[in-house]
Protein chains: 2
Amino acid sequence: MAEYAGVSRSVASRALNNAPHVSRAKREAVERAVRHLGYVPNSTARALATRQTGAAALVVSGEDPSIFADPFFAQVIVGASGALEEADLHLMLCLAASDRGRKRVGELLRSKGADGVMLMALREGDPLIRMAEEAEMPVVFGGRPVGPAPRWYVDVDNVGGAREATEYLVSRGRTRVAAICGRLDTEAGRARYRGYRDAMLAAGLDPFPPQEGDFTESSGAAAMAVLLAAHPDLDGVFAANDNMGAGALRTLREAGRPVPADIAVVGFDDLAVARIADPPLTTVHQPITAFGREMARMLVALVNGQDPTPLILPTRLVIRSSA
Amino acid sequence: MAEYAGVSRSVASRALNNAPHVSRAKREAVERAVRHLGYVPNSTARALATRQTGAAALVVSGEDPSIFADPFFAQVIVGASGALEEADLHLMLCLAASDRGRKRVGELLRSKGADGVMLMALREGDPLIRMAEEAEMPVVFGGRPVGPAPRWYVDVDNVGGAREATEYLVSRGRTRVAAICGRLDTEAGRARYRGYRDAMLAAGLDPFPPQEGDFTESSGAAAMAVLLAAHPDLDGVFAANDNMGAGALRTLREAGRPVPADIAVVGFDDLAVARIADPPLTTVHQPITAFGREMARMLVALVNGQDPTPLILPTRLVIRSSA
DNA sequence: TCCAAAACTGGAAGCGCTCCCAGTTCCCGG
DNA sequence: CCGGGAACTGGGAGCGCTTCCAGTTTTGGA
């Protein structure tokens with residue numbers, strides 16, 4: 001390429017990266033050569049020389065890859081992908097479900113296979129947490145893990161959202177409100193239960209003990225069945241996400257308990273399923289795409305040597321007909 | 001590292017890649033050094049030397065990134081990710097929505113930024129099709145594009161599935177069956193309409209002209225409204241995917257037309273929405289995770305210098321209560 | 001016309017790894 | 001005890017790009 005343009009490789013390199021110290025003439029010669037030869041610099045070689053891979057990884061943890069089927073992640077990815085595109089970084093996606101998968105993430109971190117990493121869906125004691133700490137690479141957490149908050153993260157106001165949902169239920173006259181909560185080994189699961197609990201206490205009502213699900217529709221249905229059997233006089237349910245809310249709705253329908261007349265239900269997430277559910281689910285909206293976008297932006301800032309501050313995104317109650 | 005172990009870099013390299021020509025003693029020395037130093041080879045340097053990046057890209061085309069929010073892709077990714085993990089390849093995800101995005105994919109292809117590429121959701125005349133042809137890199141198509149079939153692809157038996165769905169409707173005594181079809185600038189959209197048409201013709205019934213949607217729930221609802229206005233006597237609808245089927249269901253519910261008593265509906269995909277819909281949607285199941293897996297496996301074969309044959313995955317009718 | 005400063009140029013040294021190949025060591029049968 | 005082949009070893013040349021730096025050319029003011 002350089003020889004075709006009649007310049008040295010140095011000049012060619014500078015011209016390609018439009019760096020200074022290249023005369024207009026040579027710059028054009030290089031440009032012409034590039035066009036003529038269809039030359040595209042080899043990204044690996046460039047990565048080796050610059051010590052930058054030009055890629056950021058998004059890792060989704062979980063003991064089962066199917067966790068990723070939750071449409072939540074798709075939206076996060078849309079946001080993250082957009083922000084990375086702006087910074088001209090590629091997105092590597094790691095579904096760290098198996099031990100093998102986690103090991104590969106560890107190697108990615110240590111072999112400098114990416115310029116930075118976004119970590120999501122960590123459970124308590126997840127080995128990725130330590131790996132992240134040891135990594136010599138920017139790491140931003142999507143959602144705080146259980147335990148001490150990491151240096152950089154983006155999260156959603158889970159406590160506030162859950163509180164608002166519960167307050168709404170209470171404000172509509174519901175007094176026997178149970179909580180179908182998410183996995184309690186995740187911070188989101190715990191925080192949403194806390195929000196529920198706070199609101200109940202503040203209203204002078206007795207919070208129910210956590211009825212744990214795992215964020216899936218079927219677990220929500222099962223949890224609802226348990227609650228119904230134990231407390232036939234329930235008049236409200238706060239589900240820690242929409243999938244479980246939809247499951248609860250299904251159980252209630254099968255049990256012949258009209259919603260919201262008999263029992264009101266509110267979910268969390270505001271995914272498509274909330275709109276499609278029957279009746280449409282009142283739910284706590286969280287800005288999922290923005291979540292992904294901010295996570296990526298924070299990572300980009302870190303990669304560029306800045307020191308961004310953690311971010312907590314607001315939620316907002318969306319009222320439909322289930323409550 | 002090599003010097004710590006007291007061997008040459010050649011020997012260290014061979015030991016790390018457990019290649020032959022390394023004595024047991026040195027192999028152990030290297031192993032010890034690795035453990036002691038926590039050494040992990042730099043993946044970029046390795047990539048440069050071996051001319052293999054260790055990554056495969058999955059690109060999802062579309063004019064709008066929100067197409068990716070379709071849970072279909074999440075399942076594809078789960079499958080592909082698993083298969084790539086087996087081959088020890090990383091997954092790069094490219095949402096080629098904007099021109100910028102497409103340009104980046106082009107550069108990825110030409111700069112050897114990946115060992116191979118999987119292409120999905122191509123529309124007629126999509127610039128990525130030509131880019132793929134020109135790429136000096138293995139490319140497998142997920143779903144054939146409109147036009148001549150590419151050399152390597154994985155697809156689903158769209159025609160057969162649509163035919164089966166329509167035949168089922170007909171077999172239940174429905175005679176005025178319309179089709180809400182997907183975008184006709186995609187091969188899946190066309191093929192599913194063809195399958196519907198074939199079945200109608202074979203049954204001696206008049207196929208309806210295509211009522212085009214864009215695979216979204218709202219487009220399905222809109223299409224259903226149009227159909228209902230034009231043909232109040234409809235007694236069956238084949239929707240080219242579940243999202244549109246769910247939309248149709250919504251319109252029918254709002255119009256007070258009982259399903260399936262009055263009008264039967266069948267969808268295509270068998271996503272979660274089909275199960276959650278009210279009534280649950282009879283639909284054509286396609287093995288989406290397998291789709292992703294096979295696509296990735298085909299790519300891996302290609303990367304390894306083999307010459308796999310295109311694959312068409314079977315579909316299967318899942319009968320629920322909407323038809 | 002002359003000179004210093006500014007602008008440009010290209011040789012060469014990496015980046016961290018793989019792999020060819022010539023040289024060395026080891027092991028055996030003869 | 002020797003020769004030959006198998007097994008091992010490490011020097012060195014890349015992989016394709018960036019970047020430092022010493023050297024060369026331009027520029028413009030005196």
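In the text below, chain A, chain B and the rest are named by the order of the sequence lines, each starting its count at 1.
- If you check dG10(C), dG16(D), dC17(C) against the side chain of S10(A), the one that comes closest is dG10(C).
- The distance between atom CG of L48(B) and atom P of dC17(C), rounded to the nearest whole Å, is 12 Å.
- Look at E124(A) and R183(A) and you find no salt bridge, because none of the NZ, NE, NH1 or NH2 atoms lies under 4.0 Å from a carboxylate O.
- Residue N17(A) places its side chain closer to dT18(D) than to any other of dG16(C), dT18(D), dG10(D).
- Contact annotation: side chain of T44(B) to base of dG16(C), donor-acceptor pair absent below 3.5 Å.
- Checked against dC17(D), dG16(C), dG10(C), the side chain of A49(B) finds its nearest nucleotide in dG16(C).
- OP1 and OP2 of dC15(D) both lie 4.0 Å or more from every side-chain N or O belonging to K112(B).
- At whole-Å resolution of the value, CG in N18(B) and C1' in dC19(C) are 16 Å apart.
- Across the protein-nucleic acid pair, Q52(A) atom CD and dC17(D) atom C1' stand 14 Å apart, rounded to whole Å.
- Between I67(B) and F73(B), the closest side-chain pair of non-hydrogen atoms falls below 4.5 Å.
- Here dG16(C) presents its P atom at 18 Å from CZ of R46(A), a figure rounded to the nearest Å.
- Side-chain proximity of H21(A) to dT9(C), dT18(C), dG10(C): nearest is dT9(C).
- Using a 4.0 Å cut-off, some side-chain N or O of Y39(A) falls inside it from OP1 or OP2 of dC17(D).
- Of the candidates dC15(D), dG10(D), dC17(D), the closest approach to any side-chain atom of S8(B) belongs to dG10(D).
- If you take CG on L119(A) and CG on L109(A), they are separated by 7.5 Å, rounding to the nearest 0.5 Å.
- Rounded to an integer number of Å, the gap from L16(B) CG to dC19(C) P is 12 Å.
- Residue order along DNA chain D, read from the 5' end via each residue's closest nucleotide, puts V7(B) first among V7(B) and R51(B).
- To the nearest 0.5 angstrom, H21(A) atom NE2 is 10.0 Å from R27(A) atom CZ.
- For R14(B) and dG10(D), a side-chain-to-base donor-acceptor distance below 3.5 Å is present, hydrogens and geometry of angles not being considered.
- Between the side chain of S13(A) and the base of dC17(D), no donor-acceptor pair of N or O atoms lies under 3.5 Å.
- Nucleic acid contact for T50(A): sugar-phosphate only, since backbone atoms but no base atoms lie under 4.0 Å from a heavy atom of the residue.
- dA13(D) atom P lies 12 Å from atom CZ of R9(B), rounded to whole Å.
- Checked for salt-bridge contact, E107(A) and R104(A) miss the test: no charged N lies under 4.0 Å from a carboxylate O.
- Closest contact between the side chain of N42(B) and the listed nucleotides dC17(D), dT9(D), dG16(C) involves dG16(C).
- Remark: P of dG10(D) and CZ of R27(B) are 14 Å apart, rounded to the nearest angstrom.
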